[in-house]
Peer 1: 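After the structure tokens below, expect a handful of questions from me.
Atoms considered below: every heavy atom in the structure, side chains included; atoms not considered: hydrogens, waters and symmetry mates.
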Amino acid sequence: MTLRARSTVRMMRFASALVVLPCAVLLVSPLSGAVLADNILAHALTFYGVTAGAYVLLPFARRGDIAMVAMRVVLGVGVAPCFLGHELSAAQMFADLGGVVMAAGPIYIARFRQIAQGDIRLYRRRVSEAET
């Protein structure tokens, strides 16, 4: 990898971190109730930002693992108001789920296209693993 490609990858990860951190803080902060109260679009975009950023920041994590962790965070954020005596909001949970699906969907579609074109990989993840 050339020096220019490395710096580009570093800049992409930095930009992704700049997206993920405010979204993550927004999800767990006490002020999130005021910002995300009834705004369904804000819920979807927040989870889209966190999930898409996780895919960029964690390039060696399996795509299914990132999606499953994001789904667990959706469940946790959706159920958390119950501990404060509030009701669950199905619309907000579905918006959160939609944000995760919007981020993870293109990755699974791209892999489906690779399989449809005949790119069947063996069980090993990298070529270097076959050498050992």
Peer 1: Hey, can you pull the donor-acceptor pairs under 3.5 Å for the side chains in residues 101-110, sequence neighbours left out?
Peer 2:
unit_1	atom_1	unit_2	atom_2	d
Tyr108	OH	Gly64	N	3.4

Peer 1: Same cluster for Tyr48 and Tyr55 if Ile/Leu/Val/Met/Phe/Trp/Tyr side chains link at under 4.5 Å?
Peer 2: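 As far as the 4.5 Å side-chain criterion goes, Tyr55 and Tyr48 are not connected within one cluster.
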
Peer 1: Do Val50 and Val73 have side chains that approach each other closer than 4.5 Å (heavy atoms only, starting at C-beta)?
Peer 2: no

Peer 1: Quick one, Leu58 with Ile66, criterion side-chain contact (heavy atoms from CB on, under 4.5 Å). Give me CA distance, side-chain angles, the key distance, then yes/no.
Peer 2: CA-CA 9 Å; Leu58 304 168; Ile66 293 174; 4.2 Å; yes

Peer 1: Run the side chain to side chain contact (heavy atoms under 4.5 Å, CB included) test against Val100 and tell me which residues pass, sequence neighbours left out.
Peer 2: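 Only Phe47, Thr51, Ala70, Met71, Val74 meet the side chain to side chain contact (heavy atoms under 4.5 Å, CB included) criterion with Val100.
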
Peer 1: Could I get the full list of side chain to side chain donor-acceptor pair (under 3.5 Å) partners for Arg111, not counting sequence neighbours?
Peer 2: Gln114

Peer 1: Just how far is it from atom CG of Asn39 to atom CG of Leu45, taken to the nearest 0.5 Å?
Peer 2: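 Result: 8.5 Å between the selected atoms.
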
Peer 1: Output every pair passing side-chain hydrogen bond (donor to acceptor under 3.5 Å, both in side chains) with a member in residues 68-81, not counting sequence neighbours, ordered by first then second residue.
Peer 2: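 Output for this query is empty, none listed.
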
Peer 1: When Ile, Leu, Val, Met, Phe, Trp and Tyr are grouped by side-chain heavy atoms lying under 4.5 Å apart, directly or through other members, which residues fall in the same group as Val79?
Peer 2: Leu75, Phe83, Leu88, Met93

